[in-house]
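In what follows, a single structure is set out as structure tokens and then discussed.
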Amino acid sequence: MPSPDDHWLDEEAGPVVRPYALIRGRTRPTGETLDLIAIITAVRGAHVDTTALDPEHLAVLRICRLPTSVAEIASDLDLPLGVVRILLGDLQDRSLVAIHHPIPPARLPDVQILKEVVDGLRRL
Amino acid sequence: MAYAASDRAAGPGRTPVTIKILIAGGFGVGKTTLVGSLTEIRPLRTEEPLSEPGAAVDRLDGVERKRTTTVALDFGRITIRENLVIYLFGTPGQDRFWFMWDELARGALGAIVMADTRRLADCFPSVDYFERRGIPFVVGVNCFDGARRYRRETVRSALDLDPEVPVVLCDARQRGTCRDALIALVEHALQVLRSRQAYAPSSGAPPRAPAAEPAP
């Protein structure tokens, strides 16, 4: 019998643990961490083996018919970022999504793009 | 790296350019309100369990027992044009969520640090954080009703800001003033990037600004 002190799971743990069960306890996607604002697009015409994927994988693919940021996917699916990153890693391994990494500001090909941002903000 | 898109191939109009801007400041200073005033979509939220890997264990000082808790991230979006999008992220306001800051700050263009003149010290940690990492920021002095109005120079000297750091007055509930704060930030970041590029070797390689990257 576990002692009461071992009951570190309480009702609060539910929404935390379930998503990690979903990804079979994996806590770390392979490869580098996806930025919150990396843009994910489902690869058109790719063969999707629905029997090999979980409903959450398919939900990600549905959302990403239009280019969508990692943060927005997490928010739309109401899943923690860590879980979404693992789902995306699975989809990437199957070549079902294209990932566009954000360009760090210091490596923008042309800082003039920020002038365009300023002009765009002024029109708001 | 297996990713198809090369950063170098990116350019206006073709590949998406996404820009991350942080809204920082003390707890309850109006960060979420500011994000809500500017976003074109309903403010979004993701929740991260604190026990997630990556959460630095040594930053849980003072937490007596391991507990499952979550840190919420509020964010919004502004589309400048197709393939040019700004994301605004409110930073977690409590010190125990510092580990999220490094994730948020990675690759960020800059930050608006919200300051409430009634509790000015609450924004010190944010100012410190961005200064130490060389991330451009502006200070937005939130003009709450009933808040004593201070001159911007008073706030600047109280925060011991470098002279080039803009201080703007803004009301988080009023879109126009929030937009102006954002413009001030982007213009400031533009200047900072330009001055760093001016000192970078002109080898054709993209200028690097190591100071802009958060410490590991």
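Proteins get letters first, then strands, A, B, ... in listed order; numbering begins at 1 in each.
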Can you confirm whether F75(B) sits close enough to E72(A) that some side-chain heavy atom of one is under 4.5 Å from a side-chain heavy atom of the other?
yes
Side chains of T33(A) and R106(B): does their closest heavy-atom pair fall under 4.5 Å?
yes
Is there a side-chain contact between L34(B) and N142(B), using heavy atoms and a 4.5 Å cut-off?
no
Determine, stepwise, if the pair D90(A) / H57(A) fulfils side-chain hydrogen bond (donor to acceptor under 3.5 Å, both in side chains).
CA-CA 8 Å; D90(A) 294 344; H57(A) 289 113; 2.8 Å; yes
With a 4.5 angstrom heavy-atom cut-off, which part of L185(B) approaches chain A: side chain, backbone, both or neither?
neither
Whatever's closer than 4.5 Å to a heavy atom in chain A on L44(B) counts as both
Which portion of R179(B) sits near chain A, non-hydrogen atoms under 4.5 angstrom:
side chain
Answer with side chain, backbone, both or neither: which region of L124(A) has an atom nearer than 4.5 Å to a non-hydrogen atom of chain B?
both
Go through the side-chain N and O atoms of T79(B) and E40(B) and say whether any donor and acceptor fall under 3.5 Å apart.
yes
Residue selection (most heavy-atom pairs with chain A, distance under 4.5 Å) from D180(B), I80(B), V192(B):
I80(B)
Top of S69(A), G120(A), P67(A) for chain B proximity - count of heavy-atom pairs under 4.5 angstrom
S69(A)
When you compare the side chain of V85(B) with that of R77(B), does any pair of heavy atoms fall below 4.5 Å?
yes
Examine whether an atom of I78(B) lies under 4.5 Å from a heavy atom of chain A, and if so say whether it belongs to the side chain, the backbone or both; otherwise answer neither.
side chain
Pick from T18(B), L109(B), I19(B): which one has the most heavy-atom pairs with chain A under 4.5 Å?
T18(B)
